[in-house]
Asks: 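Got a structure for you, written out below as structure tokens; questions coming shortly.
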Amino acid sequence: MNLIIIIVLSLIMVVMAVTAIIHKKLAVAVIATGVVSLMASVMYLLMAAPDVAMTEAAIGSGLSTIIFFYVLNKIRKAK
Amino acid sequence: MANIILQIAGGIMLLSIVLSTFRFFKAGSLVDRVVAFDVMTVASISLIALISHFAGRTIYIDVAIIYGLLSFLGVIIIARYLEKSL
Amino acid sequence: MIRNFFIIAIVAGLAAIFVTLFWNFGDSTTLTPLATHYADKGAAEVGAPNLVTSIVVTYRGFDTLGEVTILFLVASIVSFFLKREKLQKDIELKRETSEIILTASKLLVPIVMVLGVYVFINGHLTPGGGFQGGAIIATAFVLLLMANPDFKINHRIISIVESVSGISFVLVGVFGILLAGGFLDNKVLPLGTFGKIFSAGAIPLIYSFVGLKVGSELSNILSNFQGIQKEEM
Amino acid sequence: MEIIKIIGALITLLGSVFLLLGSIGLIRMPDVFTRIQTGTKASTLGTLLSLLGIGIIYFDIAGKIFLLIVFILITNPVSSHMLARAAHYIGVKKADVTVVDELEDFENEKLNNKTKISE
């Protein structure tokens, strides 16, 4: 069971990471990185590291997405 | 018996995460992708609850609470960004 | 042509390195001597059930101090570069928020604050700690900003909270030199009963200071980003 | 004891089926608004049921599970509301079969009132 979850989630992570690199819209890239952090957090939990999972969920998926969108907002205003 | 049923449930949750990934790539607009992100998060919260059962450590539920809170804020930020009123 | 060849060569080289790494990978089943010391005697020495917390706060206390300092530097640099200047035109462009998010923010902000405090006070018992708790407190401020775009965080209160908690963090460390084994030693306070909230010496105190400092710094950063600024490009 | 565990597991299974239905709806529905609807309603119910099942199995963490359930029950509809509002304002295309759009009527009415007052 754990192995299946790890394989599926890591496949999704790889696909999302490639999307974040090659997609033209910045907002889509930011959401894709958020998904990568989300899946990484579940995988840390599977590897019995709840502290790291909590940090990844709070910083990687939450705060960095928020700050990225604030910055995108500022860039849009500058144009 | 209970374990087998829970394993099947975990498999179904994983399947729903994969299906929402499909929607992420076949999206028409940015809102579609955000909806897919939301469904992925909600399915992952259930998956975390199941993982805490399989690992036998109920303390993992704490992670699920924080997960839900921060993804909620992420979706709200994206919505305000789309309205051009952040 | 040559460029494509180079790219293929680089990718093949990386693949070769990765494949060798992958084949030689094996789980290391034995602990290093330091890890053995932490795993065997950590709980008895520090008195915290969560071993990660005892390592982060006590054994590697200097690292935590460094991280907090880096975050402080980031906050000051961001507030230095993003000066706020209000433009009336932009504010009128903003759409008003709906009733639903106003009600939800009134309901959720206290819950989120309490959750953040819970996370950093229980850092030695459950997963979590100062940084996560601080991030959660900062998201409560984000929720307030979302519900009311003109909401202003009181910068004076925030800077007072931040400085006081930072100084207290270092002071606890200095007390550790005077009263116990060394800088940031947690045996300043009695160890208490294993597994209760008021146990593990000074760890809950230190984590509360770290959490308050991180929370105020992150909300400062976010409020700086929120303002509308005059572009000079 | 075993019976309670099996009941909890069955409730979790039901919740996961609802999650699956939600994500199938996410793929099959014609436009953004219906997708938001299916992605919120079905998946909220699914998460609630599966968390409830885990809470039945481990009764000692029922408090935390209850907190999480209340939390999801508040946050999920709010976020989908914000999302649908944003999609409406940026003018996402609706499906051809859409009959009624109350937010647009409301906005038009507000606009009419404003012009009346100014006249």
Side-chain angles (χ1 to χ4, degrees), chain B residues 1-24 26-32 34-36 38-43 45-47 49-50 52-53 58-59 61-62 64-65 68-69 71-85, chain D residues 2 4-10 12-24 26-27 31-33 35-36 38-40 42-44 46-51 53-55 57-58 60-61 64-65 67-68 71-72 74-76 78-87 89-90 92-93:
Chain B
M1 184 65 192
N3 250 344
I4 297 172
I5 298 174
L6 283 178
Q7 283 194 356
I8 295 170
I12 293 175
M13 283 169 197
L14 213 56
L15 192 62
S16 69
I17 291 180
V18 173
L19 285 181
S20 39
T21 317
F22 279 136
R23 173 45 78 193
F24 191 96
K26 235 180 63 182
S29 68
L30 191 58
V31 183
D32 269 332
V34 183
V35 175
D38 202 12
V39 173
M40 260 185 234
T41 318
V42 169
I45 290 173
S46 319
L47 198 61
L50 272 191
S52 80
H53 165 76
T58 51
I59 221 159
I61 296 288
D62 277 20
I65 298 176
L69 164 68
S71 75
F72 158 70
L73 269 161
V75 171
I76 282 190
I77 285 274
I78 297 169
R80 294 295 281 174
Y81 168 79
L82 286 173
E83 286 181 5
K84 297 195 169 63
S85 53
Chain D
E2 188 66 26
I4 293 175
K5 274 191 179 176
I6 288 178
I7 289 172
L10 282 177
T12 307
L13 186 67
L14 189 67
S16 66
V17 169
F18 272 108
L19 276 175
L20 183 67
L21 287 179
S23 56
I24 287 174
L26 207 62
I27 286 189
D31 72 335
V32 170
F33 298 97
R35 274 178 217 139
I36 290 174
T38 178
T40 307
S43 64
T44 307
T47 318
L48 294 192
L49 283 178
S50 45
L51 288 173
I54 298 288
I57 294 175
Y58 294 98
D60 49 334
I61 54 161
K64 254 180 211 173
I65 294 274
L67 184 71
L68 188 52
F71 211 70
I72 287 173
I74 297 174
T75 58
N76 231 352
V78 173
S79 65
S80 80
H81 154 76
M82 291 295 288
L83 210 55
R85 212 175 88 112
Y89 282 142
I90 62 174
V92 174
K93 233 178 22 192

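As the structure is a prediction and not an experimental result, all values here were calculated from the model. Order of the sequence lines fixes the chain letters, A, B, ..., with proteins taken first and strands second; residue numbering starts at 1 for each chain.
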Asks: Between B/S20 and chain D, with a heavy-atom cut-off of 4.5 Å, which part of the residue counts as in contact: side chain, backbone, both or neither?
Replies: both
Asks: Rounded at 0.5 Å granularity, tell me how far OG1 in B/T58 sits from CD1 in D/I61.
Replies: 5.0 Å
Asks: Taking every non-hydrogen pair under 4.5 Å, which of B/L69, B/L47, B/N3, B/I59 racks up the most with chain D?
Replies: B/L69
Asks: Do you know which of D/S23, D/G55, D/S50, D/G46 has the most heavy-atom pairs under 4.5 Å to chain B?
Replies: D/S23
Asks: Determine, step by step, whether B/V75 and D/M82 satisfy the side-chain contact (heavy atoms from CB on, under 4.5 Å) criterion, reporting the C-alpha distance in whole Å, the side-chain angles of both residues, the deciding distance to 0.1 Å, and the verdict.
Replies: CA-CA 8 Å; B/V75 171; D/M82 291 295 288; over 6 Å; no
Asks: Is any side-chain heavy atom of B/L6 closer than 4.5 Å to a side-chain heavy atom of D/K5?
Replies: no
Asks: What are the two closest non-hydrogen atoms of D/R85 and B/R80, and how far apart are they?
Replies: NH2-NH1, 3.8 Å
Asks: Would you check if B/L30 and D/I90 make a side-chain contact, meaning some heavy-atom pair closer than 4.5 Å?
Replies: no
Asks: Rounded at 0.5 Å granularity, tell me how far CD1 in B/I65 sits from CG in D/L67.
Replies: 5.0 Å
Asks: Is D/L10 in contact with chain B via its backbone, its side chain, both, or neither, using a 4.5 Å heavy-atom distance?
Replies: both
Asks: Would you name the heavy atoms of D/S79 and B/F72 that are closest together and state the gap between them?
Replies: CB-CD1, 3.9 Å
Asks: Can you tell me which portion of D/S43 sits under 4.5 Å from chain B's heavy atoms? Options are side chain, backbone, both or neither.
Replies: both
Asks: So do B/D38 and D/N76 actually touch side chain to side chain, heavy atoms under 4.5 Å?
Replies: yes
Asks: Does any backbone or side-chain atom of D/I72 lie under 4.5 Å from a heavy atom of chain B? Answer side chain, backbone, both or neither.
Replies: side chain
Asks: Could you please spell out the steps behind the side-chain contact (heavy atoms from CB on, under 4.5 Å) verdict for D/L83 and B/V31?
Replies: CA-CA 7 Å; D/L83 210 55; B/V31 183; 4.1 Å; yes
Asks: Are the side chains of D/L13 and B/I12 in touch, meaning some heavy atoms are under 4.5 Å apart?
Replies: yes
Asks: So what's closer than 4.5 Å to chain D heavy atoms on B/I4: side chain, backbone, both or neither?
Replies: neither
Asks: Give, as side chain, backbone, both or neither, the part of D/L51 having an atom under 4.5 angstrom from any heavy atom of chain B.
Replies: side chain
Asks: Side chains of B/I76 and D/T75: does their closest heavy-atom pair fall under 4.5 Å?
Replies: no
Asks: For the side chain to side chain contact (heavy atoms under 4.5 Å, CB included) test, which of D/L19, D/L21, D/I24, D/L26 pairs with B/S16?
Replies: D/L19
Asks: What part of D/L14 gets within 4.5 angstrom of chain B, counting heavy atoms only: side chain, backbone, both, or neither?
Replies: neither
